[in-house]
Each structure stands twice: as C-alpha cells, then as structure tokens.
There are 4 protein chains.
Amino acid sequence: MRKNRPKYKAIIDGAVQVIAENGYHASQVSKIAKKAGVADGTIYLYFKNKEDILISVFKEKMGQFIQKIAEATHREQDVKKKLLTLIQLHFEQLAVDHHLAIVTQLELRQSDPNIRMQINNVLKDYLDVIDMILEEGIEQKVVRSDLNIPLMRQMIFGTIDETVTNWVMKNQKFDLVSLAPDVHNLLMNGLRTNE
Amino acid sequence: MRKNRPKYKAIIDGAVQVIAENGYHASQVSKIAKKAGVADGTIYLYFKNKEDILISVFKEKMGQFIQKIAEATHREQDVKKKLLTLIQLHFEQLAVDHHLAIVTQLELRQSDPNIRMQINNVLKDYLDVIDMILEEGIEQKVVRSDLNIPLMRQMIFGTIDETVTNWVMKNQKFDLVSLAPDVHNLLMNGLRTNE
Amino acid sequence: MRKNRPKYKAIIDGAVQVIAENGYHASQVSKIAKKAGVADGTIYLYFKNKEDILISVFKEKMGQFIQKIAEATHREQDVKKKLLTLIQLHFEQLAVDHHLAIVTQLELRQSDPNIRMQINNVLKDYLDVIDMILEEGIEQKVVRSDLNIPLMRQMIFGTIDETVTNWVMKNQKFDLVSLAPDVHNLLMNGLRTNE
Amino acid sequence: MRKNRPKYKAIIDGAVQVIAENGYHASQVSKIAKKAGVADGTIYLYFKNKEDILISVFKEKMGQFIQKIAEATHREQDVKKKLLTLIQLHFEQLAVDHHLAIVTQLELRQSDPNIRMQINNVLKDYLDVIDMILEEGIEQKVVRSDLNIPLMRQMIFGTIDETVTNWVMKNQKFDLVSLAPDVHNLLMNGLRTNE
DNA sequence: TATGAATGAGCCTTCATTCAT
DNA sequence: AATGAATGAAGGCTCATTCAT
C-alpha cells in the first residue's frame, strides 16, 4: 500500500517542516520535494495535488495525536483524571514537536472550505473523546447536567486551543506542559455541579 | 482624509464580502474592485497592497467591534454583568454580520506573520477589556485569585471564540445570541471563588 | 502662444531634471508634474502625451544648444577656429548643465523609432553646421578633399560625442572643457590635407 | 551547464530579434518566448528576469564579437594593419547580423544604470584592444605621443561607432564594410606623428 | 485654464502540474 | 517508480491618460 512506502512518510514530514517554516501559502511543492529528498514529480505519485498533501499531513499527524489521547483517557478510570490526561497529552505532544504545533495552530486554520471540512472530520474524533468524558462525568454527577454538552465541550476545547495558540504566538517561550494542572483546575471548576 | 472618502468604505465592505465568499487567498483584487464598484487601480489609491486591505478590514471592523464592547462593559457596574454584556455583544455583532463573522473566525487566522502581528495588536484591546473585568472581579472576590489572569482570559476568549467558530462552521444554523446566558453561566462557574 | 506660458517651461525643466535623475522609463508623468509644480492633468494641456514631452525637451534644449553653436561658429572667420569654437561650446554647455548632459548622452538614445526620428531632425541642424565648416575647409584647402564629408563629419561628431559620454559615465569627475584643445588638435590632424 | 542547452541559445537569439524589432522596453517576455519557441515560464529557468536577458544577450553576442576582433588584431604584426583589421571586423560582423547591429547601436544605449555598468564591463575588453594598438603604435612611432591614449581611443571608437549608428539609422542602405579603408585612412591621419 | 481622483489595459513573474525519458 | 525540465494559466500592481468639477 502506497502509504507504507518510505517516500510517503518523507514527503509528509517534509511538508510539516516546510509549512511550519514558511506558512502554507509560501510552501511550494518544489520546496517540499527538496526537503523530502525526492523529485517534484514524485510528489504526484503519492498525492493527488497540493491540497491533498495538506489534508494528508493533518490526517496522519492529527490521527496519531488523537489516537494517543483517546487511548490514554480510556485507560484512566476517574473522569477528572481523564480530563487531566487529555490536557496533558495535548500539551505534551505539541510541546515536543513545535513544527507540528505551528502547523496545527496557525497554518491549518486557513485554506479552502473543502480542506476545512476534511480537517473537521479528523477533529471530530477528538471532540468525541471530550464528549464521552463529559457524558461519563454527568452520569457520575461530577459534571453539571444543566448545560448541554456541546457548550461545555466548546469551553474545554476552546480553552485548551487558545492556550496553545498563545504559546505558539509567543514563540514557545514558556513551558506549556506545566500549565496543564491549572487549566484542568479551571475547567473542572466551571464544569462541576453546583450543589 | 483618505478614510472618510466613500470609496474607502466601499472597498472595505467589498473586501469583507469577497473574502467571506472566497477566502483571502482566492480573493483577487479585481474581484474586490468589482464588488466595490471601483476600478482595479482605485484600490491602490487607498491601500498599499492586497495585504494592506486585509489589515485595514480588520482594523476598521474589529476596531468598531471592540469599541462597542469596551464602552458597554464600562457602563455596567457589576462584574458579572460586565462579562455577560461582553459575551452578548460579541455574539450579537457577529450574528448580525455573518460575512464579518466568517472573515473574523476563519480567514483572519491564516496569513503571514506580519499580518498576524498587526491583527494581534488590534485584538490586544479586546483582551485588555477581559483582563480589566477579571481584575475587578478578583478585587471584589467574585473571581478566584489563585489562578493567573492570562489563563482565565484564555478560557474566556477561547470559549467564546470556539463557540462562534462552531456556529460559523455549522453555517449559522442555530441562534448564536441565545447561547450567551449559558456561556456566561459556564464561565462564571469556572471563575468563581471556591469558598 | 502655448509655448510662452510659464507652465510650459516649468514642465520642460521639470522633465529634464526628472529624466536625468531617474532615466526616461522611470520618469512617470506624475513625477514630472510634481517637479514642475503643476497637476498631472495640466501636463496634457501642453503636451499630447508622454512621448511628446520627451521630444519637446529635446527640441527646446537642443535647439538652444545648437543655435548658440551655429551663431558662434558663424562669427568666426577661420575654419580651424570655427571647429575649436564648436567643440568648446559643445563641451561648455553640457558641462554647465549636467542634467541636460545625462539626458542628451544617455536617456535620449533609447526610445521608440519615431521618437528617434524626431530627435534626428533636430540633430540635423547640428550636423549641418559641421558640414558647412568642412566644406569651407575644403575650399580653403585646410581640410583634405579626398574623403567624403559625411565620413569626416562622423569622425568629428563621433569623437566629440564619445568624449562627452565618457565624461558623463565617469560621473563628470574630470574637466570636460579643458579637453577641447586636444580634441581639436586631434581632429584637425586627421582632417588636414596631406601635402 | 545551463548555457549549453539548446533552449538557452534559442532564447538569446529570440531576444535579439524581438528587441531589434520592437526596442527593449516594448519587448514583452511573452514575445521573446514565442519567438524562441518556448513557454513563457521556460525563460525563467534560464534567466533571472527580463533585465538578465538583456545583459546576457550583450555578454554572449558582444563577447564573441570582441573575441574575434581581439584575435584577429593579435595575428597582425603591423600596427596600421591591426587598426584596419579592427575596423573591418567591426563593420563586417554587424553588417552580417543587422538585428544585432540594431540592438548594439540603439537598444543597448538605454536602460538602468546597473545594466549599463554590466555592459561597460564587457565593452572594456574592446577598449583595451584599442589601447593596446595605440600603445604599440606610439612605441613604434607610428602614432603621435603628445596626446593621451584615452582621447585617441575615444576618437577611434567614437568614429567607428558613429559610422555604424548612421548606417543603422539609414536602414543599412549603404555598404558599411566598404567604408572601412576610408575610416582607417582618416583615423590614421589623425593619429600619425607630425614630423 | 487647472485640478487630481479615477480609470483599466497591460505585463512580469510564480508555481502547481505534466510527461517524456 | 522516479525524475526534473517544461509548461502556461493566473493575478498583483503600475501608470499614462481622461474628465467631472
């Protein structure tokens, strides 16, 4: 299968780097090819077009990203701990790969409607993980039940996302991972039931 | 003064529409000119280049946007009411002008570092409004003081922003404004002091 | 008459300066207008189009230039002195107005065939002066008669012109006028009869 | 090596023709591409920009031009014959390629300072050939020693150049090459020692 | 006459994509 | 499969010229 060939991975990784360094619109296919160590034409043996590269980058990288978070939260029993794990892994994975962080937080926000739709498809899995935590929390009465889930999910995702964006925009000058407990505390406070 | 001329406004408004419909990078200058009802060359009497259009769009539109919110929150006495007002006006203004909403939530996220820097400059005023509310809240012991302000601000802005983005992505199918009380409730819950 | 109005002269002088400073193709009409202290549109009350400005510049400036030389050589009796006068005045006039020198030696060489034709018309008068000196010289047996006049004229004009061009290209760093006697000596040597 | 590829030569030759026919500033890149039988974009695989085409045209064509003259004069022993050879080859080469003649005599005179500088660099070699002939002539007492070399060089180059320009301007209606002996005679007369 | 805002045709250059080798 | 030279469509921007005031 095409995706298992070494050049496929080389192109994906090259694309992440080039996009992180130049931004999506300044990322010429030839630049990606050079960084990946292949000829320009070779790109088109693996990808339909430039847009397809971007979508594939997101699917590959975010797929793994989400996968890890999904698995880790499943392993946890406690709802609060699930959320903490989610936040921590989210921060950790981006802190470790700042190229990916730039691409995720900044570059992927742009682009055509149909790219965005595909990206949202992938993101859907992530949001599902959040929803499941919330549902479990409501069931266990750790999370308030008077607000609908999408709203709470938006707070969780919005807060995490905004925090990472801030970190990226400030050129990763502070320690993102160490913020996890406070973010968790803040969110749990908002979510908790008001006895 | 250049900005008071009717064509300036026409171009800004044309740009908002065209960018909302096509995305920034697919928005040819000639398209903006046509929508504004001016010749292509006229654009360059009012704007340095295409990038300058985008920045001006943001400064003009977001400037007013933020101005309104800043004034309205200042008029309120109660901290909780200030936050509610902020959320409500944020939602209302974007709900009323969905072209602007698309540009704000999607198109402006992209683009070169130097565009982003300029945009952040404008946004700074908005974040300052949030910070002031938080500071006042801490003083009045309505807001917890054990977390730093940037973090809480990120929750507030992140949640509001994510909510609007969701609304835009779902093609404005639900009533954004009516969400304000719940968002407010959720955020205040997270922020409140834990006695 | 149009040409006597003060703005006509202002535009011509502005054009000479702007062209000397920027080169013909980087000399926008608006730049010339600004330098002349008139509105862009005013230019077109005095000139048909941009090309017409260039031609008029040449006619005005070179007209005077040639006029002076023609008169001065006529006043001289001696053929040798006539040629010396011609060389000296040629050098002097350009040395005094280096903007004009740049325009004459460099900028006017370019441009469309039909501009060149008009320029040549003006130059014709200058070449006629040379021819008359040569004819007189031949008559008086000071100038050899075994070569045709155009050839000798080309030597005279070519040598003078090349000397000025060199001076312009070297940024007028040496004294052009003081070269006149040597140039005259050299040319007379070539022209003299070989007894 | 880039310059050896057939398309490089095709573009250079196409450029010479198009520039000769239209003048440099009216020579669109697309016209040159069409004449050369390549796509517009192909031009930019071989040349940095439009200006680079002009400079390359000059370097290539004038390089060969000067090379031939330099070699031929070196082969001659006699100083007078060296000069005759120079004049003859100069005329012959331009007579044979009238497109090149137009470009050399008219189009290359124009243009930005930095183009001119590059052109002068190439021309320098030609002027050096003249200087060497003069020095040899002085040594052998065939050329007068009371005038400085640059001045005499200006007469030689100026006369030759002016003659060619006249020929080009008169649309090559007379036989340029046959003028060589007279031009030579005239110049030698000017240069000779006055015993 | 004079103004200068407005016009819009025109062109260099980029770069995603193709295809002969 | 892989290459990379070649393609050519597309668009931002300039500037000579016009015309309503």
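Numbers restart at 1 for each chain; the letters A, B, ... are given by sequence-line order, proteins then strands. Only a predicted model underlies this, so the values are computations on that prediction, with no experimental measurement involved.
- Between C:His25 atom NE2 and E:dC11 atom C1' the separation is 14 Å, expressed in whole Å.
- If you check E:dA6, F:dG8, F:dA2 against the side chain of D:Asp40, the one that comes closest is F:dG8.
- Place D:Val38 and A:Ile43 on DNA chain F by their nearest nucleotides, and A:Ile43 ends up nearer the 5' end.
- The separation between D:Tyr8 atom OH and F:dA6 atom P is 14 Å, rounded to whole Å.
- Between the C1' atom of F:dA16 and the CG atom of C:Leu54 lies a distance of 15 Å, rounded to the nearest Å.
- D:Ile32 has its CD1 atom 12 Å from the P atom of E:dC11, to the nearest Å.
- Residues passing the salt bridge (Lys or Arg N to Asp or Glu O under 4.0 Å) test with A:Lys7, sequence neighbours excluded: none.
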Task: Dot-bracket pairing map - DNA chain F, Watson-Crick plus G-U, both contacts under 3.5 Å, | cross-strand - done: .||||||||||||||||||||
TODO: Could you go through the salt bridge (Lys or Arg N to Asp or Glu O under 4.0 Å) check for A:Glu21 and A:Lys35 one step at a time?
DONE: CA-CA 12 Å; A:Glu21 283 161 14; A:Lys35 184 77 89 181; 3.5 Å; yes
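- Between E:dG8, E:dT3, F:dG12, one nucleotide has an atom nearer to the side chain of B:Ala39 than all others, and that is E:dG8.
- Of the side-chain N and O atoms in D:Tyr46, one or more sit less than 4.0 angstrom from OP1 or OP2 of F:dA6.
- Nearest approach of D:Ala36 to D:Ile11, heavy atoms of both residues: CB-CA, 3.7 Å.
- Atom NZ of A:Lys34 and atom C1' of F:dG4 are 12 Å apart (whole Å).
- Comparing atom distances between the C:Thr42 side chain and each of E:dA2, E:dT17, F:dC13 picks out E:dA2 as nearest.
- Nucleotide F:dT17 holds its P atom 16 Å from the NZ atom of C:Lys31, rounded to whole Å.
- Taking C:Asp52 as the reference, C:Phe47, C:Lys48, C:Asn49, C:Ser56 meet the side chain to side chain contact (heavy atoms under 4.5 Å, CB included) condition, with sequence neighbours excluded.
- Comparing F:dT7, F:dG11, E:dT3 by their closest approach to the side chain of B:Gln28 singles out F:dG11.
- Where C:Glu51 and B:Ser30 meet DNA chain F, the nucleotide closest to each residue was compared, and B:Ser30 sits on the side nearer the 5' end.
- Heavy-atom nearest nucleotides on DNA chain E were determined for D:Asn49 and for B:Gly37, and the one closer to the 5' end corresponds to B:Gly37.
- In this structure, the nucleotide among E:dC12, E:dA6, F:dT17 sitting nearest to the side chain of C:Lys50 is F:dT17.
- Comparing A:Ala26 and D:Val29 by the nucleotide of DNA chain E whose heavy atom lies nearest to each, the residue mapping closer to the 5' end is D:Val29.
- In this structure, the nucleotide among F:dC13, E:dA16, F:dT7 sitting nearest to the side chain of A:Tyr44 is E:dA16.
- When the options B:Ile43, B:Val16, B:Val18 are evaluated for a side-chain contact (heavy atoms from CB on, under 4.5 Å) with B:Ile53, the one that passes is B:Ile43.
- Between the P atom of F:dA16 and the CZ atom of C:Phe47 lies a distance of 15 Å, rounded to the nearest Å.
- In terms of heavy atoms, C:Val103 sits closest to C:Ala20 at CG2-N, 3.8 Å.
- Using a 30° and 60° split on the angle between ring planes, A:Tyr8 and A:Tyr46 fall in the tilted class, from 30° to 60°.
- Summarising the geometry, atom CD1 belonging to A:Ile12 is positioned 9.5 Å from atom CG belonging to A:Leu54; distances are rounded to the nearest 0.5 Å.
- Atom-to-atom, CG of B:Leu45 to P of F:dC13 comes out at 14 Å; the value is rounded to the nearest Å.
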